[in-house]
Amino acid sequence: MNLFAEFKNRIAATVAALQAEGTLPAGLDTAKITAEPPRDANHGEVSTNAAMVLAKPAGMKPRDLAQMLADRLAVLPGVDSAEVAGPGFINLRLAASFWHDRLRDVLAAGTGYGASTMGAGRNVNVEYVSANPTGPMHVGHGRGAVVGDVLASLLAKAGYAVTREYYINDAGAQVDVLARSLHLRYREALGESIGEIPEGLYPGDYLVPVGQAMAADFGDRFRDAPEAEWLEIFRLRAVDAMLALIKDDLAALGVRHDVFSSELALVEAGGVQAAFDELVGKGLIYEGVLEPPKGMLPEDWEPRPQTLFRSSDFGDDVDRPLKKSDGSWTYFASDIAYHFDKHRRGAQTMIDILGADHGGYVKRMVAAVKAMTGGAAELDIKLCQMVNLMRDGQPVKMSKRAGTFVTLREVIDDVGKDVVRFIMLTRKNDAHLDFDLAKVTEQSKDNPVFYVQYAHARAHSVLRHAVEALPGADLAPAALAKADLAALTDEAEIALIKQLAAWPRVVEGAAEAHEPHRIAYYLGEVAAAFHSLWNKGRETTELRFLQPERQDASLARVALVRGMALVVASGLMVLGVTPVEEM
RNA sequence: GCGCCCUUAGCUCAGUUGGAUAGAGCAUUCGCCUUCUAAGCGAACGGUCACAGGUUCGAAUCCUGUAGGGCGCGCCA
């Protein structure tokens with residue numbers, strides 16, 4: 001359990017006890033009380049603002065109330081002292097034995113440590129990747145894939161019921177273009193010279209083998225046939241092939257999905273019409289003419305009546321069209337239906353991971369979800385900024401036409417999926433990310449992946465040595481959890497345990513904020529605390545993990561090393577990165 | 001013109017949802033290998049949190065405005 005949440009409860013209980021005695025007035029709101037780790041380690045281990053938020057309603061001076069509370073808190077089990085500081089903070093110092101117990105928690109829970117019941121089984125749908133099935137994935141897609149995949153794992157660890165979903169945009173004009181591009185490759189496979197791929201079609205050679213397969217299956221049957229005869233067949237085959245390509249890329253990156261939803265299937269099943277009817281029933285659809293965007297008149301602008309959704313009633317800037325002039329649905333219309341479908345399948349919270357170029361889309365979709373579900377479901381859209389591919393500090397030049405485009409798959413094959421996954425989380429999602437292909441494989445502390453992995457590998461190195469240093473001792477986590485830990489007294493040792501004990505809180509905070517990058521940063525801090533302790537042992541022999549003359553101290557430290565390795569492994573598992581035991 | 005995101009140390013970035021004296025890494029300077037991996041560690045230097053107001057016990061964090069950067073802006077997805 002998150003120890004800070006636990007202390008918050010204990011503080012609230014203390015306040016309640018004082019109220020029951022009549023020392024404090026009834027009706028105080030304890031919701032604003034926080035229990036947090038203070039920034040400055042000199043301020044103890046748990047700090048609470050309780051006195052400051054309760055002083056006014058209680059009609060007391062903050063510091064007086066603080067002292068009253070501190071006297072009660074100081075005698076709680078595990079608490080060494082409670083001091084009033086600053087404007088009315090109460091700083092708690094915890095006993096070494098309290099931290100030893102936290103290490104036991106880690107060892108008892110293993111890599112399951114950090115799991116939370118915060119989500120209470122709430123149903124969350126995370127939609128990510130959703131790259132158009134028109135070609136292999138690029139590096140930018142990879143970022144969204146990792147952010148979504150890790151966020152899903154994180155939410156699962158925090159106790160949510162998570163559905164990982166991919167939305168296949170197989171119903172728009174782009175897949176028709178894909179079909180035509182394939183037809184060209186098909187003619188090429190039949191021996192025709194096609195020359196340069198015309199503007200507006202997909203030039204990539206990934207369609208070549210699909211074209212060959214079409215030629216093998218259909219011969220020249222569609223070579224000169226009118227488009228209407230082959231378009232659908234080619235489209236279906238092309239989409240299937242591209243989706244297979246994308247799934248292959250995702251597998252190489254270790255990214256999983258539970259559900260692949262087809263836009264085309266949704267449209268054909270009448271889902272869009274149903275959603276539209278629903279909005280009509282709510283009186284949110286009308287025929288109208290939109291004003292042109294101010295200060296930026298499109299060249300071919302002319303006023304035109306459209307079928308509009310009153311998204312501006314729900315926080316959007318303007319109302320949005322749901323039908324094209326030919327009567328077909330806009331992308332927005334099917335996306336409304338799709339999100340409604342996700343909600344009908346049980347999603348209470350929906351998270352979409354999109355590229356930053358979709359920023360203009362956020363308000364209308366949030367508005368639509370609000371309208372369709374009557375506020376019963378919430379939508380959070382996380383936008384991922386661009387990834388700049390670099391090599392030794394220089395941008396990698398890419399051009400699709402010149403064939404110098406670097407695909408996600410090439411990067412994975414180059415540096416490995418673990419590196420790609422970790423690096424994608426070294427920035428918060430809405431910040432630009434420089435991905436330096438040279439630096440990320442360096443074996444130095446410049447490289448955060450290495451730095452964390454090295455800590456884990458070092459720990460396992462100690463554990464290997466421990467087998468010889470402690471003959472006959474049971475070094476399994478469960479056994480170490482029962483070891484005598486009294487030898488762990490050094491500041492650096494306790495500091496490391498504090499870091500480990502923060503893991504449940506980090507999981508909860510990151511899950512609540514939908515910010516998976518926090519995990520990567522946290523692991524860097526744990527690794528730093530461990531490397532620091534390691535080096536302290538170089539200078540002070542008594543702090544080395546394995547003490548030939550002191551079995552009890554050795555066993556206690558092996559427990560600490562094991563606990564550190566477990567927490568790092570637990571975090572890396574959330575990131576989908578394999579912890580290495582040797583480097 | 002409008003909307004969204006961003007602006008924190010020389011550089012690249014964190015900042016625990018409003019807490020106390022704002023933190024890392026790189027770079028610079030100085031230290032630490034007879035030892036469980038020096039693939040690492042410690043110390044020093046470095047700040048008007050873009051700017052100006054406001055909200056309150058308290059603001060890098062919330063609100064308003066200004067400047068600079070990115071993205072988007074009626075039948076593309």
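Note on naming: letters A, B, ... go to the chains in the order of the sequence lines (proteins, then strands), and numbering restarts at 1 for each one.
At least one test fails for Lys324(A) against the ring of Trp329(A): distance under 6.0 Å to the centre or angle within 45° of the axis.
Distance Asp434(A) CG to G25(B) C1': 15 Å, rounded to the nearest Å. Remark: P of C41(B) and CD of Glu493(A) are 18 Å apart, rounded to the nearest angstrom. In this structure, Ile336(A) places its CD1 atom 14 Å from P of A77(B), rounding to the nearest Å. As a whole-Å value, the separation of Met386(A) CE from G72(B) P is 10 Å. One interatomic measurement links the two molecules: CG of Asp316(A) to P of G74(B), which rounds to 13 Å at whole-angstrom precision.
Salt-bridge annotation for Glu508(A) and Arg505(A): absent, with no side-chain N of the basic residue lying under 4.0 Å from a carboxylate O of the acidic one. Salt bridge annotation for Asp490(A)-Lys536(A): present, with a cationic side-chain nitrogen under 4.0 angstrom from a carboxylate oxygen. Taking 4.0 Å as the cut-off between side-chain N and carboxylate O, Glu127(A) and Lys342(A) count as a salt-bridged pair.
Pairing of U29(B), defined by two Watson-Crick or G-U wobble distances under 3.5 Å, is identified with A43(B).
Within the structure, a side-chain polar atom (N or O) of Lys56(A) is placed less than 4.0 Å from OP1 or OP2 of C57(B). Contact annotation: Lys439(A) does not reach the phosphate of C26(B) (side-chain N/O to OP1 or OP2, under 4.0 Å). Between His465(A) and U37(B) there is a side-chain N or O to OP1 or OP2 distance below 4.0 Å. Taking 4.0 angstrom as the limit, Ser532(A) places a side-chain polar atom (N or O) nearer than this to OP1 or OP2 of G42(B). When the side-chain nitrogen and oxygen atoms of Arg505(A) are compared with OP1 and OP2 of U17(B), one or more of them lie within a distance under 4.0 Å. In terms of phosphate contacts, Tyr338(A) brings no side-chain nitrogen or oxygen within less than 4.0 Å of OP1 or OP2 of A77(B). Taking only side-chain nitrogens and oxygens, His531(A) never comes nearer than 4.0 Å to OP1 or OP2 of C32(B).
Comparing G74(B), G40(B), A14(B) against the side chain of Arg427(A) picks out A14(B) as the nearest. Listed nucleotides: U37(B), G40(B), C36(B). Nearest to the side chain of Leu546(A): C36(B). Listed nucleotides A39(B), A77(B), A14(B) differ in distance to Gln443(A); the shortest reach to its side chain belongs to A39(B). Proximity note for Arg544(A) (side chain, C-beta onward) versus C13(B), U35(B), G74(B): the nearest is U35(B). Here the side chain of Glu36(A) is nearest to one of C26(B), U17(B), A14(B), namely U17(B). Picking from U37(B), C41(B), A14(B) the nucleotide with the shortest atom distance to the side chain of Asn535(A) gives C41(B). Of the candidate nucleotides U37(B), A20(B), C13(B), C13(B) has the atom lying nearest to any side-chain atom of Tyr521(A). Of the listed nucleotides (U37(B), A77(B), G74(B)), A77(B) has the atom at the smallest distance from the side chain of Lys324(A). Considering only the side chain of Lys445(A), G25(B) comes nearest among U37(B), G25(B), G19(B). Proximity note for Glu539(A) (side chain, C-beta onward) versus U37(B), C57(B), C32(B): the nearest is C32(B).
No donor-acceptor pair under 3.5 Å is formed between the side chain of Gln443(A) and the backbone N or O of Phe450(A).
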Return all side-chain donor-acceptor pairs below 3.5 angstrom for residues 360-370 of chain A, not counting sequence neighbours, or 'none' if the list is empty.
{"unit_1": "Tyr361(A)", "atom_1": "OH", "unit_2": "Asp335(A)", "atom_2": "OD2", "d": "2.9"}
{"unit_1": "Lys363(A)", "atom_1": "NZ", "unit_2": "Asp317(A)", "atom_2": "OD1", "d": "3.0"}
{"unit_1": "Arg364(A)", "atom_1": "NH2", "unit_2": "Gly360(A)", "atom_2": "O", "d": "3.3"}

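In this structure, Phe89(A) does not count as stacked on the base of G19(B) under the 5.5 Å centre distance and 30° plane angle limits. In this structure, His432(A) does not count as stacked on the base of G70(B) under the 5.5 Å centre distance and 30° plane angle limits.
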Subject >> Trace of the salt bridge (charged side-chain N to carboxylate O under 4.0 Å, His left out) decision for Asp176(A) with Arg235(A) >> reply: CA-CA 6 Å; Asp176(A) 286 342; Arg235(A) 191 182 61 210; 3.3 Å; yes
Original post:
Where do Asn132(A) and Gln174(A) land on the side-chain hydrogen bond (donor to acceptor under 3.5 Å, both in side chains) test, with the steps shown first?
Top reply: CA-CA 8 Å; Asn132(A) 291 331; Gln174(A) 289 193 21; 3.0 Å; yes
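Rounded to the nearest 0.5 angstrom, Phe7(A) CZ and Leu73(A) CG are separated by 9.0 Å.
For U8(B) and U61(B), the P atoms lie 14 Å apart once the distance is rounded to whole Å. Using C1' as the reference atom, U56(B) and C62(B) are 11 Å apart when rounded to the nearest Å.
Contacts of Ala356(A) with the nucleic acid, taken as non-hydrogen atoms under 4.0 Å apart, involve only primed sugar atoms and P, OP1 or OP2. Counting non-hydrogen atoms under 4.0 angstrom, His517(A) reaches the backbone sugars and phosphates but no base. Using a 4.0 Å heavy-atom distance criterion, Ser47(A) is classed as a base contact. Contacts of Ala528(A) with the nucleic acid, taken as non-hydrogen atoms under 4.0 Å apart, are absent. Within 4.0 Å (heavy atoms only), Pro62(A) reaches no atom of the nucleic acid at all. Pro292(A) comes within contact range of no nucleotide atom at all, as no heavy-atom separation falls under 4.0 Å. The residue Glu468(A) sits apart from the nucleic acid: no heavy atom pair falls under 4.0 Å. At the heavy-atom level, Met583(A) lies under 4.0 Å from base atoms of the strands shown. Asn447(A) comes within contact range of no nucleotide atom at all, as no heavy-atom separation falls under 4.0 Å. Looking at heavy-atom distances under 4.0 Å, Pro303(A) makes contact with a base.
Using a 90° window around 0 for the glycosidic torsion, C30(B) falls outside it and is classed as anti. In textbook terms, a nucleotide whose glycosidic angle is within 90° of 0 is syn, and U17(B) is one such case.
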**OP:** Give the B/S/- string for nucleotides 1-8 of chain B, one per nucleotide from 5' to 3', where a protein heavy atom under 4.0 Å of the base yields B, of only the sugar-phosphate yields S, and otherwise -.
**Re:** B-SSSS--
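For an aromatic pair to be called close, the ring centres must be under 6.0 Å apart, and Phe545(A) with Phe530(A) satisfies this.
Other residues, nucleotides and ligands contribute over 12 non-hydrogen atoms within 6.0 Å of the NZ atom of Lys382(A).
In this structure, Tyr361(A) and Asn49(A) both approach RNA chain B, and ranking their closest nucleotides by distance from the 5' end singles out Asn49(A). Nearest-nucleotide positions on RNA chain B place Pro38(A) closer to the 5' end than the other of Pro38(A) and Thr541(A).
Counting distance only, with no hydrogens placed and no angle test, the side-chain atoms of Asp335(A) and the base atoms of A77(B) include no donor-acceptor pair under 3.5 Å.
If you check residues 553-564 of chain A against RNA chain B, you find no residue with a heavy atom closer than 4.0 Å.
In terms of heavy-atom proximity, Met52(A) sits nearest to Pro62(A) at CG-CB, 4.4 Å.
Relative orientation of the His531(A) and Tyr451(A) rings is tilted, given thresholds of 30° and 60° on the angle between their planes. Phe309(A) and Phe332(A) have tilted rings, their planes meeting at an angle from 30° to 60° on a 0 to 90° scale.
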